[in-house]
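Working notes for the structure below.
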2 protein chains.
Amino acid sequence: MINLNECFKLIIGHGMANRSDTKTRILDAAEKLFAERGFSETSLRLITSKAEVNLASVNYHFGSKKELIRAVLARYLDVFMPGASTELTKLVQNNENASLETIFSALVRPLLDLNKVRTEGTRIFLQLLGRGYIESQGHLRWFITTHYGEHLDRFVQVVSQSAPHIPPAEMFWRLHFTLGTVVFTMASSDALMEIAEADFKEQNDIESVIRKVIPYMAAGVAVPVSKA
Amino acid sequence: MINLNECFKLIIGHGMANRSDTKTRILDAAEKLFAERGFSETSLRLITSKAEVNLASVNYHFGSKKELIRAVLARYLDVFMPGASTELTKLVQNNENASLETIFSALVRPLLDLNKVRTEGTRIFLQLLGRGYIESQGHLRWFITTHYGEHLDRFVQVVSQSAPHIPPAEMFWRLHFTLGTVVFTMASSDALMEIAEADFKEQNDIESVIRKVIPYMAAGVAVPVSKA
DNA sequence: GTCTATATATAGATAGAC
DNA sequence: GTCTATCTATATATAGAC
């Protein structure tokens with residue numbers, strides 16, 4: 001008498017989980033929960049129960065919760081960052097003086113491509129990014145800037161070139177205002193879409209929200225510095 | 001032989017703490033820690049040890065941590081909200097068609113007045129607001145909208161009137177983008193000011209950051225709606 | 001690799017003496 | 001009103017059998 005589980009093991013190899021592998025199941029469950037509830041409000045217990053894997057497997061595969069968080073984000077950043085850089089390069093080649101709105105819009109395609117990688121990928125990624133910048137006291141900021149710094153620098157460079165009337169120090173502030181805008185919007189996007197639906201009968205998805213926020217941010221970044 | 005503590009009790013009444021009263025000491029310690037570290041990262045143990053009061057006194061005076069959080073915010077909102085409404089009223093009386101930048105700027109004085117109420121009051125209040133909107137899953141949002149809804153409605157009304165080319169649904173989104181901008185900026189203001197100092201030798205305080213962010217937000221809210 | 005069981009830490013909240 | 005001591009819940013992390 002052998003049970004179903006043992007039967008699978010015989011077919012696909014010993015020690016290999018039947019369904020998709022445990023590591024992936026953890027990442028998939030974790031990213032959804034992190035995006036919805038935030039990092040500190042999501043326990044490993046909740047993750048492993050949703051993933052239908054053992055509690056101890058998180059530490060086996062990732063070492064700690066912090067490293068799991070980084071792994072969840074890395075899976076997206078490794079796709080998005082090179083994609084974004086490619087788009088920026090194409091843009092600069094074709095159009096020396098692209099507008100800010102064009103530059104921001106160039107990031108939309110790489111963002112939406114994340115939906116091909118995983119269901120609701122775009123929404124989840126942006127919410128994760130939001131949570132990450134807001135919640136974590138440094139370790140994610142550090143992780144992102146050290147691992148993807150060259151892409152970020154490239155972005156800053158292209159934006160600065162497109163708005164040469166903004167001095168570097170002012171641009172620093174405005175890009176952080178922009179980060180705040182997008183990060184907060186994405187972290188609360190579910191709630192905001194619900195309200196927009198209830199109060200204005202507006203149907204939105206993550207793309208339409210992105211399209212709304214781009215003009216706002218582009219106008220803010222480029223507004224002339226007041227002389228006061 | 002009586003000690004100093006007993007002596008104070010004899011003078012100012014029994015059961016009354018000598019220093020400022022326990023409730024206030026808790027509020028003062030809590031608001032600093034909440035602003036710096038966020039709500040869920042701040043334990044009652046940390047608060048009471050900084051306040052030099054007993055752990056149990058939080059529950060005695062406030063009932064729960066959630067209620068303490070609300071009390072901390074209420075102490076500021078009760079000053080700020082009426083002040084802001086007064087400024088808006090004055091503005092509308094003097095100037096039917098005030099610009100968005102003027103409207104936002106009208107809130108600066110009530111904000112800075114919080115520095116008179118308590119040391120670093122402005123910074124702490126804005127950081128708390130940022131943390132509150134970002135962290136809490138509803139209970140603070142609910143508290144703010146139900147207790148201060150009329151002031152918020154008034155603000156929305158004045159802004160909408162100043163940008164009549166923006167339809168209400170679009171204004172809803174843009175005001176939330178604005179909320180995100182200010183809230184994220186304030187929650188990370190300490191880090192941003194440090195970086196600006198290190199990288200650009202720029203000395204900033206909370207007022208100068210507010211002055212920087214206003215033109216950004218005003219431009220974003222008023223930018224014409226794209227026809228796409 | 002995966003499981004059970006547990007170590008260890010820390011949280012919010014409360015009972016009851018004073 | 002304030003204290004000590006403790007309850008209860010929940011967290012991350014790990015040891016060791018399989």
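Each chain gets a letter, A, B and so on, in the order its sequence line appears, and its residues count up from 1. Every heavy atom of this structure was used, including side-chain atoms; hydrogens, water molecules and symmetry mates were not. None of the values given here were measured: they were computed from a predicted structure.
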Report the distance from atom [atom1] of [X] to atom [atom2] of [N], rounded to the nearest whole Å.
X	N	atom1	atom2	value
B:L68	C:dA13	CG	P	10 Å
B:I26	C:dG12	CD1	C1'	14 Å
B:L44	D:dT8	CG	C1'	15 Å
B:E41	D:dA11	CD	P	14 Å
B:R45	D:dT6	CZ	P	14 Å
B:E67	C:dG12	CD	C1'	13 Å
A:I47	D:dA13	CD1	C1'	14 Å
B:F62	D:dG1	CZ	P	11 Å

Pair A:S57-A:N54, side-chain donor/acceptor within less than 3.5 Å: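 Result is no, nothing qualifies.
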Donor + acceptor pair across side chains of B:T122, B:E207 (<3.5 Å):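 No pair is found: no donor N or O on one side chain lies under 3.5 Å from an acceptor on the other.
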Contiguous pairing runs of three or more, Watson-Crick or G-U under 3.5 Å, that involve DNA chain C: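 When the pairs of DNA chain C are grouped into runs of at least three, the stems are C:1-18 with D:1-18.
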Touch class at under 4.0 angstrom, heavy-atom based, for B:S57 against every strand present: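 Since no nucleic acid heavy atom lies under 4.0 Å of B:S57, the category is nothing.
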Any protein N or O atoms within reach of nucleotides 14-18 of chain D? Criterion: under 3.5 Å, listing atom names and distances.
none

Distance under 6.0 Å and angle within 45° of ring axis: B:K212 vs A:F177: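 The answer is no; the distance or angle limit is not met.
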Aromatic contact, A:H176 with A:F172 (centres under 6.0 Å):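 Yes - the distance between ring centres of A:H176 and A:F172 falls below the 6.0 Å cut-off.
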B:F184 ring center within less than 6.0 Å of A:F184 ring center: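 Aromatic pair excluded; centres sit 6.0 Å or further apart.
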Basic-acidic side-chain contact under 4.0 Å: B:R174, B:E170: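 Counted as a salt bridge, because a side-chain N and a carboxylate O are separated by less than 4.0 Å.
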Salt-bridge criterion met for B:K116 and B:D113 (N-O under 4.0 Å):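 Salt bridge present between B:K116 and B:D113.
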Short side-chain N/O contact to D:dG1 OP1/OP2 from B:T22, under 4.0 Å: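 Indeed not, no polar side-chain atom of B:T22 lies that close.
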Any pair counted as salt bridge (charged side-chain N to carboxylate O under 4.0 Å, His left out), so long as it reaches residues 63-72 of chain B, sequence neighbours left out: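 Every pair satisfying salt bridge (charged side-chain N to carboxylate O under 4.0 Å, His left out) with a residue in residues 63-72 of chain B: there are none.
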Identified salt bridge (charged side-chain N to carboxylate O under 4.0 Å, His left out) counterpart of B:E31 within the set B:R123, B:R131, B:R118: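 Of the listed options, the one satisfying the test is B:R118.
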